[in-house]
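Not measured: the values here are computed from a predicted model.
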Amino acid sequence: EIMEKIVETYNLDGDYFYSHSIKGIPLRIGWSRSMNSDSLQIRKLPPVVPPPEKLWIPHQLLDVIKNYQAGGLVVISAPPQNGKSTTIASALQDFANKNVVNIITFEDPVEYIYTKDSLACIRQRELLFDVSSYKKAIAASLKQSIGIAMVQEMTTNSIMESVSEL
């Protein structure tokens with residue numbers, strides 16, 4: 001069933017991105033169509049979420065997240081392959097390690113698996129595998145007690161409108 005959805009998405013869009021692990025090494029894989037041929041792009045990810053101290057995360061961003069109160073929106077934006085996912089994962093894991101809060105993520109694909117030994121409850125929802133669309137997943141989360149919602153990609157107006165309801 002899932003493979004059928006993946007192939008259907010690929011056939012419709014000409015692209016499909018997902019995460020996979022081989023012998024414990026996490027990979028981000030892109031399957032694309034180019035000049036009527038298939039191509040794969042494979043990128044190795046760090047095996048664990050790196051702590052903020054190991055990254056060049058501006059202290060102002062960490063202060064915003066550390067001093068988080070209910071409400072508000074933090075947007076992290078950068079060109080592709082400049083560390084957005086790693087920055088978000090690092091900051092979110094650090095926050096989860098220090099705070100009792102219910103966190104839900106909406107990802108396509110899930111790149112990092114958060115540790116289960118944090119103070120927070122983190123639920124990761126992956127497009128196609130766990131939910132059929134960001135919009136439906138965000139709408140369902142409104143009925144839950146969510147402290148933090150992380151949306152990995154805001155690429156359409158409908159996703160942005162759904163995020164504004166959080």
Side-chain angles (χ1 to χ4, degrees), residues 15-32 39-131 133-135 137-138 140-142 144-156 159-166:
D15 292 295
Y16 186 75
F17 298 93
Y18 61 100
S19 295
H20 187 69
S21 181
I22 298 175
K23 295 185 179 182
I25 299 169
L27 305 168
R28 171 136 187 201
I29 301 171
W31 179 25
S32 303
S39 66
L40 282 177
Q41 307 84 42
I42 301 173
R43 185 167 43 115
K44 181 180 165 191
L45 299 170
V48 296
V49 177
E53 301 79 37
K54 299 272 185 191
L55 303 174
W56 293 35
I57 299 176
H59 71 86
Q60 294 91 340
L61 173 62
L62 294 175
D63 288 346
V64 165
I65 294 169
K66 180 176 75 176
N67 297 316
Y68 168 79
Q69 300 296 319
L73 176 68
V74 176
V75 176
I76 297 176
S77 177
Q81 296 188 3
N82 273 271
K84 290 183 302 291
S85 296
T86 303
T87 298
I88 292 167
S90 178
L92 200 57
Q93 183 69 68
D94 188 61
F95 186 84
N97 290 343
K98 299 171 183 169
N99 296 276
V100 177
V101 64
N102 190 12
I103 299 172
I104 189 166
T105 70
F106 307 104
E107 304 175 67
D108 180 26
V110 167
E111 292 189 27
Y112 291 99
I113 305 297
Y114 295 99
T115 61
K116 303 293 184 207
D117 59 351
S118 65
L119 294 174
C121 172
I122 303 176
R123 290 177 294 131
Q124 293 179 262
R125 303 194 77 195
E126 185 168 5
L127 195 64
L128 282 186
F129 291 94
D130 301 313
V131 296
S133 74
Y134 278 140
K135 186 173 179 137
I138 292 169
S141 74
L142 294 173
Q144 303 169 30
S145 177
I146 303 298
I148 294 177
M150 188 282 286
V151 180
Q152 184 184 43
E153 302 273 340
M154 290 194 290
T155 54
T156 66
I159 294 172
M160 288 184 240
E161 287 170 8
S162 297
V163 167
S164 71
E165 295 174 14
L166 287 171

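Interatomic distance, I103 CD1 to L119 CG, rounded to the nearest 0.5 Å: 10.0 Å. The CD atom of Q152 sits 8.5 Å away from the CD atom of E126 when rounded to the nearest 0.5 Å. Note that the CG atom of L45 and the NE2 atom of H20 stand 12.5 Å from one another [nearest 0.5 Å]. Once rounded to the nearest 0.5 Å, the distance linking OH of Y18 with CZ of F129 reads 9.0 Å. In this structure, F106 CZ and S133 OG are separated by 10.5 Å, a value rounded to the nearest 0.5 Å. Distance check, rounded to the nearest 0.5 Å: OG of S32 to CG of D15 gives 4.0 Å.
Counting only residues at least two apart or on different chains, the salt bridge (charged side-chain N to carboxylate O under 4.0 Å, His left out) pairs with a member in residues 86-97 are D94-K98. Residue pairs meeting the salt bridge (charged side-chain N to carboxylate O under 4.0 Å, His left out) criterion with at least one member in residues 100-111, sequence neighbours excluded, are R28-E111. Among residues at least two apart or in separate chains, there is no salt bridge (charged side-chain N to carboxylate O under 4.0 Å, His left out) pair with a member in residues 43-58.
Taking every heavy atom of both residues into account, F17 and Q41 meet most closely at CE2-OE1, 4.2 Å. Closest approach of I146 to A149, counting heavy atoms only: CG2-N, 3.9 Å. For the pair P46 and P26, the tightest heavy-atom approach, listed with the atom from each and the gap, is O-CG, 3.3 Å. Here the shortest heavy-atom pairing between N97 and S118 reads OD1-CB, 3.2 Å.
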| request: Dump the intermediate steps for side chain to side chain contact (heavy atoms under 4.5 Å, CB included) on I22 and L27, then the final yes or no. | output: CA-CA 8 Å; I22 298 175; L27 305 168; 3.7 Å; yes
| query | Do I122 and M150 pass the side chain to side chain contact (heavy atoms under 4.5 Å, CB included) test, and can you show the C-alpha distance, the side-chain angles, and the key distance before you say yes or no? | reply | CA-CA 10 Å; I122 303 176; M150 188 282 286; over 6 Å; no
| message | For V48 and T115: C-alpha separation, side-chain torsions, deciding distance, then whether side chain to side chain contact (heavy atoms under 4.5 Å, CB included) applies. | response | CA-CA 9 Å; V48 296; T115 61; over 6 Å; no
| query | Please walk me through it: do T105 and L92 pass side chain to side chain contact (heavy atoms under 4.5 Å, CB included)? | reply | CA-CA 10 Å; T105 70; L92 200 57; 3.9 Å; yes
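In terms of the ring pair (Phe, Tyr, Trp, His ring centres under 6.0 Å) criterion, residue partners of F95 (sequence neighbours excluded) are, by chain and number, Y68. For S145, the side chain to side chain contact (heavy atoms under 4.5 Å, CB included) criterion is met by no residue, not counting sequence neighbours.
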Please tabulate, for side-chain N and O atoms in residues 82-90, each donor-acceptor pair with protein atoms closer than 3.5 Å (sequence neighbours left out).
residue: N82; atom: ND2; partner: P79; partner atom: O; Å: 3.3
residue: N82; atom: ND2; partner: P80; partner atom: O; Å: 3.0
residue: K84; atom: NZ; partner: A78; partner atom: O; Å: 3.0
residue: K84; atom: NZ; partner: P79; partner atom: O; Å: 3.2
residue: T86; atom: OG1; partner: Y112; partner atom: OH; Å: 2.6
residue: T87; atom: OG1; partner: G83; partner atom: O; Å: 2.7
residue: S90; atom: OG; partner: P50; partner atom: O; Å: 2.7

